[in-house]
Amino acid sequence: LEFRRVLFRSVDESEFDPKNLEGVHALFLCNVYRLAEDRWRAIADWVRRGGGLVVFTGDQVDGAAWNEMTQAHAPGLLPSRFDEMAGDASEREWQTLRLNRPDHPVLQAFVGDRNPFLQRVKVFRYWKLEPPTPSDSVLASFENGLPALAESLYGLGHVLLCATAADAEWGNWPSDPSYVVTLLQVARYVARAGGAPRVLTVGESVRHEVPASLYRGEARLFAPQAQDSELVRAVAASNTTMVVFESAALRDPGLWTLELATHEGDADRVQFAANVDAAESDLDGVDHGELLRRAGGTRIRFVEGPEIPAADDEGGGHAELSRLIVAILIGTLVLDRKSTRLNSSHRT
C-alpha cells in the first residue's frame with residue numbers, strides 16, 4: 001500500500017469550530033457526546049459539498065441526541081441510527097469481525113487467505129446500530145451479525161460509522177498492526193472529493209450517484225476548457241433514495257465537471273479526470289510479422305545495426321542529412337569550447 005503524509009490536528013469539543021473545516025479533507029468524530037444544532041448543520045453542509053466524515057462511537061456518545069439531530073437537520077447523513085450500547089464490560093466475551101464487502105478499499109488489511117487480523121481483532125463493547133438500508137452499505141459486521149462498519153454517501157461526501165471506539169477502551173484493535181493501516185486507508189478514502197478528482201479514461205462514461213433528497217434529476221456536464229455544457233438526465237436506480245447520472249462516452253482528455261442542482265437552487269460541482277488510454281503509450285516492441293500486418297501493403301525493409309546502408313540511390317538523401325546534423329553538432333561543440341576559453345581569460 002502507498003500512503004502520502006497525513007497532517008492532522010486533534011481538538012476537544014470545546015475547541016472545535018466548524019468554520020475551520022474549509023481547509024480540512026477528513027473529519028473524525030471520536031466518542032463525541034453530542035453536537036449543538038449550528039455545529040451539526042455546518043458539518044452536514046461541509047460533507048454535502050465533498051467533505052469526508054468518520055464517526056467512532058464510545059461510552060460518551062448520547063445515541064438519542066445523535067438520532068434526533070440527524071433526523072431533524074441532516075437526514076441520510078449517517079448510514080444508521082443508534083440503538084443501545086452492548087457487549088461485555090468484563091472483557092470475557094468478545095466479537096470478531098466478518099467482512100461484508102471484502103472488495104472495499106478500507107478493508108484491504110483484512111483481505112487474503114488465512115488473514116490473521118480478522119481473528120486477532122477483538123471487540124468487547126460496541127453500539128448496536130440499526131441495520132442500514134440498503135444492506136450493501138454495511139462494510140463489516142460482528143460475529144453476531146450486527147453492523148460494525150457502515151458507509152453512506154451524502155451529497156458529494158462520504159461518511160463512515162464505526163460501532164466501536166477508536167481507542168483501547170472497548171477492544172484491542174489499536175494494538176494490532178491492522179489498525180494504523182486501516183485508518184490511513186479510511187482517511188485516504190473519505191478525503192474531500194474536491195482534492196482528488198475521479199479518474200477515468202477517454203471513451204468511458206461519467207457515472208455519479210447522489211441522494212435524491214438533496215439533488216434534482218438533471219445535471220450539466222462541462223467538457224475541458226468549455227463554457228457550454230450538455231444536459232445529463234438521471235437514469236433508473238435500484239435504490240429509489242438515490243439519483244444516478246450517467247453521461248455519454250467522454251470524447252476529450254482533461255478535467256470534466258458535473259454540475260449538480262440542489263432542490264434549493266444551489267449548484268455543487270464534482271470533477272472527473274479523463275486520461276488518454278495508457279495502451280496508446282505502450283512501449284513494448286512489435287515483432288516483424290505484426291508490424292507488416294498492421295502496415296498492410298506498405299513496402300517495408302527491416303535493417304539492424306551494421307546492416308544500415310550507406311549513401312545509395314534509395315537512402316543517399318538520408319545519409320547527406322545525417323552528415324549535416326553531425327557537422328552542426330561538431331561546430332556547436334567547437335564554438336562552446338572557444339566561448340569557455342574566452343570566459344576563462346576574462347576572469348583571469
Side-chain angles (χ1 to χ4, degrees), residues 6 8 13 16 18 21-22 24-37 39-58 61-63 65-83 100-101 104-107 126-141 146-166 182-196 198 208-215 237 239 241-244 260 262 268 270:
V6 177
F8 72 93
E13 288 183 60
F16 174 66
L21 285 175
E22 290 308 313
V24 175
H25 291 275
L27 172 65
F28 285 67
L29 298 179
C30 302
N31 201 14
V32 174
Y33 173 52
R34 63 170 69 178
L35 290 168
E37 179 180 334
R39 290 182 173 186
W40 199 241
R41 287 181 179 274
I43 291 173
D45 180 66
W46 172 78
V47 174
R48 181 179 65 83
R49 291 183 288 109
L53 176 64
V54 182
V55 178
F56 280 93
T57 59
V61 170
D62 183 343
W66 278 69
N67 291 340
E68 180 182 347
M69 279 294 176
T70 52
Q71 181 63 33
H73 306 296
L77 176 66
L78 296 182
S80 179
R81 289 172 57 85
F82 293 91
D83 187 351
N100 297 54
R101 294 274 306 279
H104 199 279
V106 305
L107 300 176
Y126 52 90
W127 268 90
K128 283 185 178 180
L129 302 178
E130 296 179 3
T133 302
S135 59
D136 62 359
S137 62
V138 179
L139 308 184
S141 300
L146 291 173
L149 181 65
E151 174 186 25
S152 62
L153 296 176
Y154 189 76
L156 305 181
H158 280 89
V159 180
L160 290 177
L161 172 60
C162 184
T164 192
T182 302
L183 287 194
L184 286 172
Q185 277 294 87
V186 165
R188 184 179 183 181
Y189 177 73
V190 304
R192 192 181 181 98
R198 281 79 169 168
H208 192 62
E209 184 175 316
V210 293
S213 61
L214 297 177
Y215 294 99
N239 181 4
T241 64
M242 305 300 290
V243 174
V244 179
L260 307 167
T262 69
D268 289 335
V270 58

request  = Show your working on side chain to side chain contact (heavy atoms under 4.5 Å, CB included) between E13 and V32 and close with a plain yes or no.
outcome  = CA-CA 7 Å; E13 288 183 60; V32 174; 3.8 Å; yes
query = Taking all non-hydrogen atoms of both residues, which atom of P147 and which atom of P131 are closest, and how far apart?
reply = CG-CA, 4.0 Å
Heavy-atom closest contact (A165 atom, F56 atom, distance) = C-CD2, 3.9 Å
inquiry  = For W127 together with W66, are the ring centres under 6.0 Å from each other?
reply    = no
Interatomic distance, Q71 atom CD to L77 atom CG [nearest 0.5 angstrom] = 12.0 Å
ask   = Given the rule in the side chain to side chain contact (heavy atoms under 4.5 Å, CB included) test, do F16 and L21 qualify, once you have shown the distances and angles that lead to the verdict?
value = CA-CA 10 Å; F16 174 66; L21 285 175; 4.3 Å; yes
Heavy-atom side-chain proximity of V24 to W46 below 4.5 angstrom = yes
request  = Would you mind reporting whether V61 and V55 have side-chain heavy atoms less than 4.5 Å apart?
outcome  = no
inquiry  = For a salt bridge (Lys or Arg N to Asp or Glu O under 4.0 Å) check, start with the C-alpha distance between D268 and R49, then their side-chain angles and the critical distance, and finish with the verdict.
reply    = CA-CA 7 Å; D268 289 335; R49 291 183 288 109; over 6 Å; no
note = dist L161:CG -> R81:CZ (nearest 0.5 Å) comes out at 12.5 Å
request  = Give the C-alpha distance, both sets of side-chain angles, the deciding distance and a yes or no for side chain to side chain contact (heavy atoms under 4.5 Å, CB included) between H208 and L156.
outcome  = CA-CA 9 Å; H208 192 62; L156 305 181; 3.7 Å; yes
E68 CD: over 12 foreign heavy atoms closer than 6.0 Å = no
ask   = Measuring from L29:CG to C162:SG, what's the distance to the nearest 0.5 Å?
value = 13.0 Å
query = For H104 and Y189, which heavy atoms make the closest approach, and how far apart are they?
reply = NE2-OH, 3.3 Å
query = NZ/K128 to CG/L146 distance, rounded to the nearest 0.5 angstrom?
reply = 6.5 Å
ask   = Which heavy atom in M69 sits nearest to a heavy atom in A36, and how many Å separate them?
value = CE-C, 4.4 Å
key: Contact summary for R101 and L107, nearest pair of heavy atoms   = O-CD1, 3.3 Å
query = Is it true that a side-chain atom of D62 and a backbone atom of R34 form a donor plus acceptor pair closer than 3.5 Å?
reply = no
task = Kindly determine whether V159 and E151 satisfy side chain to side chain contact (heavy atoms under 4.5 Å, CB included), including the steps that lead there.
result = CA-CA 6 Å; V159 180; E151 174 186 25; over 6 Å; no
ask   = Does any non-hydrogen side-chain atom of L129 lie less than 4.5 Å from one of D83?
value = no
task = Please confirm whether the backbone N or O of P75 pairs with a side-chain atom of T70, one donor and one acceptor, at under 3.5 Å?
result = no
task = Quick one: pull up CG in L53 and CG in L160 and give me the separation to the nearest 0.5 Å.
result = 8.5 Å
task = State, to 0.1 Å, how close W40 and A74 come at their nearest heavy-atom pair, and which atoms those are.
result = NE1-CB, 4.1 Å
request  = Measure from the side-chain N and O atoms of Q185 to the backbone N and O of P105, and report whether any donor-acceptor pair falls under 3.5 Å.
outcome  = yes
message = I need the T57 OG1 to Y126 OH distance, nearest 0.5 Å.
response = 11.5 Å
